[in-house]
Student: 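Have a look at this one.
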Amino acid sequence: MAQTFLKTMFGPGSRALQALDGSRASYARMEAQAGETDVLTDREADFIAMRDSFYMASISEDGWPYVQHRGGPRGFLRRLSGNRIGFADYQGNRQFLSIANLARDDRVCLFLMDYPAMRRLKLIGRARTSNDPEQVAVLMPPGYAAKGERAFMIDIVGFDWNCPQHITPRFTTTQIKAATQPLHEEIARLRARISALEGL
């Protein structure tokens with residue numbers, strides 16, 4: 001599950017602090033089970049495919065962390081095969097920060113949120129881009145108005161599911177509309193009945 005993620009992310013400092021806190025032994029047992037990668041399962045793939053946005057961190061050319069929001073229709077980020085996921089990069093503000101960062105260091109971290117269900121998934125991996133029109137076309141969401149410029153492919157090294165504590169549920173306008181639709185229908189029926197009674 002998260003063994004490779006933890007082994008990759010923990011450094012000497014965090015391990016020393018875990019030892020002082022008393023949590024080191026349990027994390028050491030998890031790290032001992034780490035393989036080359038945390039293998040994505042259908043659970044992760046399904047969660048990834050349901051997202052309409054995520055945050056991606058890369059490392060700037062001067063070593064600064066850089067976080068960028070990526071969005072699109074649900075399913076724009078998806079599993080391609082095995083531990084590889086991908087998405088189409090749309091024409092944007094022409095700053096090319098992530099592209100330049102990846103040319104120097106291909107490591108990325110993705111943060112995926114499901115606010116209504118209070119779930120989150122962190123992914124770490126190595127990313128590359130391609131300007132091949134065929135690869136871009138494969139990753140473009142059908143019927144989406146944005147112009148795809150390049151394809152991002154990320155080979156996932158590790159992932160970690162976080163606990164739901166402190167996640168505030170948030171809902172999209174589509175989710176709110178679906179949840180309140182029965183109320184609107186009931187109001188419409190009541191108004192029709194009132195109009196009918198007033199006409200008597």
Side-chain angles (χ1 to χ4, degrees), residues 1-14 31 34-115 119-142 144-162:
M1 299 212 311
Q3 292 95 334
T4 305
F5 179 94
L6 296 176
K7 186 174 182 179
T8 304
M9 299 306 290
F10 289 162
S14 58
E31 287 185 70
E36 292 255 338
T37 61
D38 291 325
V39 177
L40 295 175
T41 68
D42 289 344
R43 180 189 181 205
E44 289 77 42
D46 291 346
F47 185 83
I48 290 166
M50 291 298 288
R51 307 282 58 83
D52 59 9
S53 70
F54 65 91
Y55 301 94
M56 184 176 76
S58 56
I59 303 164
S60 80
E61 294 171 281
D62 291 329
W64 286 93
Y66 175 70
V67 180
Q68 187 174 50
H69 174 265
R70 298 284 179 158
R74 182 178 286 182
F76 81 103
L77 174 67
R78 62 180 182 268
R79 185 188 202 174
L80 299 177
S81 63
N83 252 36
R84 179 171 292 172
I85 63 174
F87 64 94
D89 186 30
Y90 313 132
Q91 189 174 74
N93 58 17
R94 323 306 291 168
Q95 291 181 348
F96 303 108
L97 291 168
S98 295
I99 305 301
N101 292 350
L102 293 178
R104 177 184 175 275
D105 190 326
D106 65 356
R107 291 175 295 171
V108 294
C109 179
L110 278 62
F111 206 94
L112 283 62
M113 295 295 302
D114 179 352
Y115 286 105
R119 294 189 302 165
R120 55 188 166 186
L121 175 64
K122 292 186 293 192
L123 302 157
I124 55 172
R126 296 189 176 276
R128 65 181 180 86
T129 63
S130 170
N131 294 86
D132 181 345
E134 290 185 13
Q135 287 184 316
V136 176
V138 165
L139 287 169
M140 274 302 294
Y144 194 51
K147 179 182 178 183
E149 285 192 314
R150 64 186 60 79
F152 267 80
M153 281 80 66
I154 305 168
D155 291 313
I156 300 301
V157 172
F159 64 84
D160 187 25
W161 290 94
N162 290 138

Student: Rounded at 0.5 Å granularity, tell me how far CD in Q68 sits from CG in L97.
Tutor: 7.0 Å
Student: Could you tell me whether the side chain of D105 and the main chain of R107 form a donor-acceptor pair under 3.5 Å?
Tutor: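 Present.
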Student: Between N162 and K122, what is the shortest heavy-atom contact and its length?
Tutor: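 Here N162 and K122 meet closest at OD1-CE, 3.2 Å.
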Student: Give the minimum heavy-atom separation between G148 and M140, together with the two atoms involved.
Tutor: CA-SD, 3.6 Å
Student: When you measure from the side chain of D89 to the backbone N and O of E149, does any donor-acceptor pair fall under 3.5 Å?
Tutor: no
Student: Any sub-3.5 Å donor-acceptor pair from T4's side-chain atoms to G35's backbone N or O?
Tutor: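 Yes, T4 side chain to G35 backbone: donor-acceptor pair under 3.5 Å.
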Student: Can you check whether L40's main-chain N or O pairs, donor with acceptor, with N83's side chain at less than 3.5 Å?
Tutor: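 Here the side-chain-to-backbone pair exists.
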Student: Any heavy-atom pair between the side chains of L112 and L77 that's under 4.5 Å?
Tutor: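 In contact.
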Student: How about CZ on R74, more than 12 heavy atoms from neighbouring residues, nucleotides or ligands closer than 6.0 Å, or not?
Tutor: no
Student: Starting at CZ of R43, measure out to CD1 of I48 and round the result to the nearest 0.5 Å.
Tutor: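 Atom-to-atom, R43:CZ and I48:CD1 are 11.5 Å apart.
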Student: For R104 and E61, work out which heavy atoms get closest and say how close.
Tutor: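 In this case the closest contact between R104 and E61 is NE-O, 3.2 Å.
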Student: Give the intermediate values and the outcome of side-chain contact (heavy atoms from CB on, under 4.5 Å) for residues F54 and F76.
Tutor: CA-CA 10 Å; F54 65 91; F76 81 103; 3.5 Å; yes
Student: Taking side chain as C-beta onward, heavy atoms only, is I154 less than 4.5 Å from L123?
Tutor: no
Student: As an exercise, state the distance from CZ of R126 to CG of D106, rounded to the nearest 0.5 Å.
Tutor: 4.5 Å
Student: So, for L139 and A151, which heavy atoms are closest and what is the spacing to 0.1 Å?
Tutor: CD1-CB, 3.5 Å
Student: Report yes if the side chains of Q135 and M153 come closer than 4.5 Å at any heavy-atom pair, otherwise no.
Tutor: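 Answer yes - side chains close enough.
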Student: Please indicate whether E134 has more than 12 foreign heavy atoms, meaning atoms of other residues, nucleotides or ligands, lying under 6.0 Å from its CD.
Tutor: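 Not more than 12 within 6.0 Å, no.
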Student: Short question: side chain of R51, backbone of F47 - any donor-acceptor pair under 3.5 Å?
Tutor: yes
Student: Excluding sequence neighbours, so at least two apart, what forms ring pair (Phe, Tyr, Trp, His ring centres under 6.0 Å) with Y55?
Tutor: H69
Student: Of the options D46, D42, D155, which is the one that meets R79 in a salt bridge (Lys or Arg N to Asp or Glu O under 4.0 Å)?
Tutor: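 Of all the options given, the one that passes is D42.
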Student: Minimum heavy-atom separation for E44 and V39, please, with both atom names.
Tutor: OE1-O, 4.3 Å
Student: Could you list the residues that satisfy ring pair (Phe, Tyr, Trp, His ring centres under 6.0 Å) with F152, not counting sequence neighbours?
Tutor: F87
Student: To the nearest 0.5 Å, what is the distance between CZ on R150 and OG on S130?
Tutor: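 One finds 10.0 Å between CZ of R150 and OG of S130.
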Student: Pick one: which of N101, L102, I59 meets side chain to side chain contact (heavy atoms under 4.5 Å, CB included) with V108?
Tutor: L102
Student: Taking D38 for the side chain and F159 for the main chain, is one N or O donor matched with an acceptor at less than 3.5 Å?
Tutor: yes
Student: Taking all heavy atoms of Y90 and all of G72, pick out the closest pair and write down the distance.
Tutor: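 Closest approach of Y90 to G72: OH-CA, 4.1 Å.
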Student: Compare all side-chain heavy atoms of I124 with those of M9 and state whether any distance is below 4.5 angstrom.
Tutor: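 Result yes, sub-4.5 Å side-chain heavy-atom pair found.
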